[in-house]
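It should be emphasised that the depicted structure is a prediction, and the values quoted were computed from it without experimental measurement.
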Amino acid sequence: MAARMMTMPSNTGGAFSGGVPSLALARSLPLSPESLGAISPMDLFVSQMSTDCSEARADAIKRLVVVANAIGVDSTLTDLLPWIAANVVGGETDPTTGDGDAEDEILLVLADQLAALVPTLIPGSRALPVLPILERICSVEETVVRDKAVESVNKIVPLILGGGDAGSMTGGSASAAPSLLLAMAKRLSNADWFTAKVSACGVLPAIYRFYHAHTARTGGGRAAEGSTQPSDDEARRELRNLYRDLCEDDAPMVRRGAGKHLGKFIEAVANLPKPPSELYPRPDLCREAVDKGGKEVRRILVEEMVPLFQSLSSDEQDSVRLLACAGSGSVGCALGMDPELTSEMVFPVVKTASCDLSWRVRHNLSKEFATVAGSMGFGSSSKFDSHQLEAFSAFAGLLQDHEAEVRASAVENVARMTQLGGSDLFSSHISPALPGLADDPVMEVRSKLAQTLMDCCDDSICTALSDHLILQDFKPLLEGFLNDEFAEVQLHVLTKLSRVSRLLAKMDAVVGSILAMTKAQNWRVREAVGRLLPFLVEARGVGFFEDHLMEPWLKLLLDQVADVRSSCVSGMPKLLSVSGAGWIQKEILPQYQRIYEDSPTYLTRITIVRSFAALANADPDAPPEKQGGEVSIPADLLEDIVTLMLRGLKDHVPNVRMVAARGFALMTAPCEEALMIAKVKPALSERTMEDEDDDCRYFSQLALETSCA
């Protein structure tokens with residue numbers, strides 16, 4: 001490649017203003033190290049790309065964005081991009097593989113860097129010169145490189161129309177975008193080798209959406225009178241024909257690419273605003289989007305797109321079927337979740353795929369089953385209750401599939417399927433399969449089941465189950481999960497068990513397992529238990545804490561792992577809210593004060609000081625919108641907290657003093673002015689003036705400027 005490199009006119013400005021080039025770079029270039037600091041960015045880039053050192057060329061292409069920003073947008077479009085097109089991707093292409101002379105590593109980075117130029121440097125309306133370079137990269141043999149090029153094209157195409165008004169489309173490079181994009185789609189789709197065709201499958205959905213946006217921008221889909229360009233409607237028809245040809249291609253690799261992107265292409269045809277996973281819970285939004293397209297779009301979907309979907313879903317290659325079946329949700333949403341249509345055109349494909357002889361087809365369908373079932377729209381009318389029952393029967397079959405991968409993927413949909421079908425269908429189709437899944441010999445299945453069961457108790461995901469059903473069906477399963485031999489299974493329950501804290505009073509075995517796990521060998525388990533114990537106080541009362549939880553709590557507070565100790569610190573606000581200030585003063589503060597005095601290590605004292613500070617600060621686990629407010633604490637408790645924190649300011653270890661000062665800086669509970677003037681300000685001022693540690697002085701000064709202002 002070095003033999004055919006061209007030189008370009010120099011651009012003013014050094015590549016490294018005030019910097020020193022690396023020794024490796026200096027050795028790779030036929031220039032003296034002293035001259036590198038004054039060389040222009042463009043000349044330096046060309047010099048690096050012209051060397052025989054692959055490391056230098058890779059380093060140069062990784063800095064493409066830096067070079068482009070240094071020379072500006074105009075020089076990038078007139079000098080840099082043409083040079084790259086001619087010298088990096090412009091070599092002779094192998095007719096059988098699509099490969100030129102450039103290394104795959106350089107092309108991979110180049111595809112990523114070109115996308116980074118738009119729109120941060122190159123406006124979308126001027127980004128068309130980038131696309132021919134990416135088009136060439138879309139034809140190489142290496143799959144990873146092609147995928148990155150397709151990803152970059154899909155990022156740039158929607159930006160071509162961005163930022164301007166309809167009038168801006170009458171001139172400039174953006175006005176030529178429709179014809180250029182259509183020509184690129186034709187070249188990729190009609191290429192001789194399969195690599196370009198596979199890439200065409202990935203870029204056609206974005207180009208199709210471009211024409212929707214172009215029609216909306218220009219006010220119509222017909223070509224202007226006397227124009228040689230095809231109208232938007234004609235261009236969309238050609239794109240559909242191209243995709244049809246790709247779906248019917250003789251090469252399985254091309255049909256596989258078509259099946260992979262079929263869902264996105266159908267979404268583009270219907271102009272859906274969101275992916276099916278976000279649309280099916282909101283059928284009104286889905287139907288509104290489909291109604292905007294009118295009868296013509298509905299006809300195109302039914303007469304052109306659905307036959308392609310059905311054909312690929314019954315392909316002889318299972319690698320094609322598995323990708324096409326996963327797009328069933330897109331087809332359902334594109335049809336407006338109309339059960340009259342989906343029951344005839346989509347649901348038969350789903351039923352067939354759920355019992356396909358290839359486990360990979362069943363696996364891919366099970367990953368998206370909740371979205372697919374929701375997009376059928378059967379719940380909108382009692383007329384289709386039988387179809388809804390069939391869908392849940394198919395799901396129950398996947399939950400009990402003989403392949404562990406299928407079961408694991410299906411289990412992840414339990415919460416969403418429960419929300420979709422309600423408590424009755426859960427009890428009749430899903431609940432009977434849960435005990436067998438809880439005892440599954442494959443750990444991954446049990447782990448995902450534990451996670452999805454806790455999601456069933458999350459009101460933001462599922463609200464279909466009553467407390468009675470949760471206690472009846474989940475309690476025995478949770479007991480088993482907490483005693484599982486794998487910590488991953490235990491953690492999925494422990495980290496989310498607070499969602500059912502209201503029911504812990506009726507889960508004696510679960511509470512017993514939690515207490516036993518305070519001594520678990522896995523520190524992540526102990527950390528999760530530490531975060532959960534305050535919720536047990538809420539469920540069982542402070543008497544239960546005094547009798548059963550005080551000793552485990554104090555042991556976790558002194559744990560050798562910092563994150564476990566921090567779990568007790570973050571639980572202090574919750575403990576205060578459920579037990580009351582009087583109980584904290586009487587039971588907790590004396591214990592903490594004794595630990596502070598008897599502690600031989602500064603790490604324990606830091607934990608105690610952080611616990612005091614947590615009581616006077618906003619709840620660290622509160623959502624962002626509730627952070628930063630004042631904490632209402634009785635004056636006598638706050639005085640005790642401040643007094644104990646002042647002891648930390650006088651500790652002989654700087655780390656403890658710094659944590660105490662930082663605690664005062666973050667304090668959100670209003671402190672009485674007399675206490676501030678008499679104790680807090682003098683102590684902080686002393687630290688600011690006399691402390692030998694810079695961090696201690698900084699946080700002390702910060703506390704004086706915030707809490708003590």
Side-chain angles (χ1 to χ4, degrees), residues 115 119 124 150-151 153-162 201-217 236 239-240 243 259-294 296-298 300-302 305-306 308-309 323-339 341-342 345-347 349-350 364-380 391 412-413 415-421 455 458-463:
V150 169
E151 178 185 333
V153 171
N154 289 338
K155 175 189 173 185
I156 294 173
V157 168
L159 301 174
I160 294 176
L161 294 179
C201 298
V203 301
L204 283 178
I207 297 176
Y208 202 100
R209 282 190 181 274
F210 168 86
Y211 278 97
H212 279 310
H214 185 257
T215 299
R217 179 68 63 89
R236 282 191 287 264
L239 291 174
R240 294 195 301 272
Y243 208 92
K260 178 180 179 181
H261 298 283
L262 178 63
K264 291 183 179 179
F265 189 77
I266 291 177
E267 292 171 30
V269 172
N271 202 19
L272 297 181
K274 295 181 179 180
S277 59
E278 299 180 25
L279 281 179
Y280 86 86
R282 302 183 58 186
D284 54 333
L285 183 62
C286 181
R287 295 188 183 102
E288 179 184 351
V290 173
D291 290 342
K292 285 183 179 179
E296 178 61 18
V297 172
R298 180 68 63 92
I300 291 171
L301 289 168
V302 172
M305 294 295 102
V306 170
L308 294 180
F309 164 71
L323 294 168
C325 292
S328 302
S330 299
V331 182
C333 289
L335 294 174
M337 297 175 60
D338 184 351
L341 297 176
T342 58
M345 301 178 180
V346 186
F347 192 52
V349 173
V350 176
N364 228 37
L365 176 64
S366 65
K367 289 192 293 186
E368 305 292 337
F369 199 89
T371 300
V372 171
S375 69
M376 298 297 102
F378 295 147
S380 61
E412 292 184 296
N413 291 267
R416 288 180 293 159
M417 287 296 291
T418 300
Q419 179 67 10
L420 181 66
D455 288 342
D458 186 349
D459 290 342
S460 65
I461 301 175
C462 178
T463 58

Between Y243 and M305, does the side chain to side chain contact (heavy atoms under 4.5 Å, CB included) criterion hold? Intermediate values first, please. CA-CA 10 Å; Y243 208 92; M305 294 295 102; 5.8 Å; no

Measure across L272 and A334 and return the closest heavy-atom pair with its distance rounded to 0.1 Å.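 Reported closest heavy-atom pair: CD1-N, 3.9 Å.
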
What is the minimum heavy-atom distance between I266 and S330, and which atoms define it?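 Scanning both residues completely, I find the closest heavy atoms to be CG2-O, 4.2 Å.
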
Quick check on the 6.0 Å ring-centre criterion: do F378 and F347 meet it?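 Yes; F347 has its ring centre under 6.0 Å from that of F378.
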
Looking at CZ of R236 and NE2 of H214, how far apart are the two atoms once the value is rounded to the nearest 0.5 Å?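 Output value for this atom pair is 10.0 Å.
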
Please name all residues satisfying ring-ring contact (aromatic ring centres under 6.0 Å, His included) with F309, sequence neighbours left out, ordered by chain then number.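 With sequence neighbours excluded, F309 shows a ring-ring contact (aromatic ring centres under 6.0 Å, His included) to no residue whatsoever.
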
Considering all heavy atoms, the nearest K274-R282 contact: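 For K274 versus R282, the nearest heavy atoms are NZ-NH1, 3.9 Å.
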
Point-to-point distance, once rounded to the nearest 0.5 Å, from CZ of F369 to CG of N413: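 So the gap between those two atoms works out to 8.5 Å.
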
So does R240 get a backbone contact from the side chain of Y208, meaning a donor-acceptor N/O pair under 3.5 Å?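 No; judged by distance alone, with no hydrogens or angles, the pair does not exist.
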
Spacing of M376 atom CE and L341 atom CG [to the nearest 0.5 Å]: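 Here the interatomic distance stands at 11.0 Å.
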
If you measure from CG on L159 to CZ on F210, what distance do you get to the nearest 0.5 Å?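 The CG atom of L159 sits 11.5 Å away from the CZ atom of F210.
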
Between the side chain of T342 and the main-chain N/O of D338, is any donor-acceptor distance below 3.5 Å?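 Answer holds: yes.
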
Does the N271 side chain pair with the main chain of A289, one donor and one acceptor, at a distance under 3.5 Å?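 No.
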
Shortest non-hydrogen contact from H212 to A268?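 Shortest heavy-atom separation between H212 and A268 comes out as NE2-O, 2.9 Å.
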
Minimum heavy-atom distance between V203 and N154, given as atom pair plus value: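 Looking at all heavy atoms of both residues, the shortest contact is CA-OD1, 3.6 Å.
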
Drop me the distance from H261's NE2 to L204's CG, to the nearest 0.5 angstrom.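 It comes to 10.0 Å.
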
Closest heavy-atom pair and its distance - V290, C333: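 Taking every non-hydrogen atom into account, CG2-O, 3.5 Å.
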
In sequence, state the C-alpha distance, the side-chain angles, and the governing distance for D284 and E288, and then conclude on side chain to side chain contact (heavy atoms under 4.5 Å, CB included). CA-CA 6 Å; D284 54 333; E288 179 184 351; over 6 Å; no

Compare all side-chain heavy atoms of S380 with those of P339 and state whether any distance is below 4.5 angstrom.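 The answer is yes; the side chains approach within 4.5 Å.
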
Please confirm whether the backbone N or O of P205 pairs with a side-chain atom of K264, one donor and one acceptor, at under 3.5 Å?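 The answer is no, because no donor-acceptor pair under 3.5 Å joins these two groups.
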
For the atom pair CZ (R416) and CG (D455), what is the distance rounded to the nearest 0.5 Å?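 The distance works out to 9.5 Å.
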
